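Working notes for the structure below.
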Amino acid sequence: MARKVGGSGRLRFALVLLGFVLIASGVVLRRTYGIRAARDLQAMETRRSGLIAERRRLESEIRIASSRARLQPIAEQRLQMHVPTEAQVVYLTRGPRGADEKP
């Protein structure tokens, strides 16, 4: 008996070929999105590193600007303040605990 070669074999081949093309297109599309995401992630990491370095630089500048060596001349010039002499310093002692409280 002879085998009938007709439309069903061609249809099956066309469906398999279409499935392969769809799967291959999906793989290529996923790789394209993955490469783009990796590029974006790398750019964000680079920006993050730059921002961390800038934050450290700014914290250092704040520390330097708020140091006593920097603030003392400004306070003396602008606010007419000075470091008190030993005679101008008053030491206060704290009384026993509960002495100030009323019953």
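All figures in this text were calculated on a predicted structure; none of them were measured in a lab.
Interatomic distance, L15 CG to R10 CZ, rounded to the nearest 0.5 Å: 14.5 Å.
With sequence neighbours excluded, the residues that form a side-chain hydrogen bond (donor to acceptor under 3.5 Å, both in side chains) with E61 are R57. Judged as a side chain to side chain contact (heavy atoms under 4.5 Å, CB included), and not counting sequence neighbours, the contacts of Y33 are L29, R36. Remark: Q88 engages H82, P84, T85 in a side chain to side chain contact (heavy atoms under 4.5 Å, CB included) (not counting sequence neighbours). Residues satisfying the side chain to side chain contact (heavy atoms under 4.5 Å, CB included) criterion with S60, sequence neighbours excluded, are R63, I64. Partners of R31 according to the salt bridge (Lys or Arg N to Asp or Glu O under 4.0 Å) rule, which considers only residues two or more places apart in sequence or in another chain, do not exist here. Under the salt bridge (Lys or Arg N to Asp or Glu O under 4.0 Å) criterion, E86 pairs with no residue at all, not counting sequence neighbours. In terms of the side chain to side chain contact (heavy atoms under 4.5 Å, CB included) criterion, residue partners of S67 (sequence neighbours excluded) are, by chain and number, A69, R70.
Cluster partners of Y91, by chain and number: V89. The rule joins Ile, Leu, Val, Met, Phe, Trp and Tyr whenever side-chain heavy atoms lie under 4.5 Å apart. M81 belongs to a hydrophobic cluster with L79, counting contacts under 4.5 Å between side-chain heavy atoms of Ile, Leu, Val, Met, Phe, Trp and Tyr, direct or through other members. Hydrophobic clustering, defined by side-chain heavy atoms of Ile, Leu, Val, Met, Phe, Trp and Tyr closer than 4.5 Å, groups L18 together with L22. Clustering of Ile, Leu, Val, Met, Phe, Trp and Tyr side chains at separations under 4.5 Å leaves V83 isolated, with no partner residue.
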Please list every donor-acceptor pair under 3.5 Å in which a side-chain atom of residues 41-56 meets a protein atom from a residue at least two apart or in another chain.
{"from": "T46", "atom 1": "OG1", "to": "Q42", "atom 2": "O", "distance (Å)": "2.9"}
{"from": "S49", "atom 1": "OG", "to": "E45", "atom 2": "O", "distance (Å)": "3.0"}

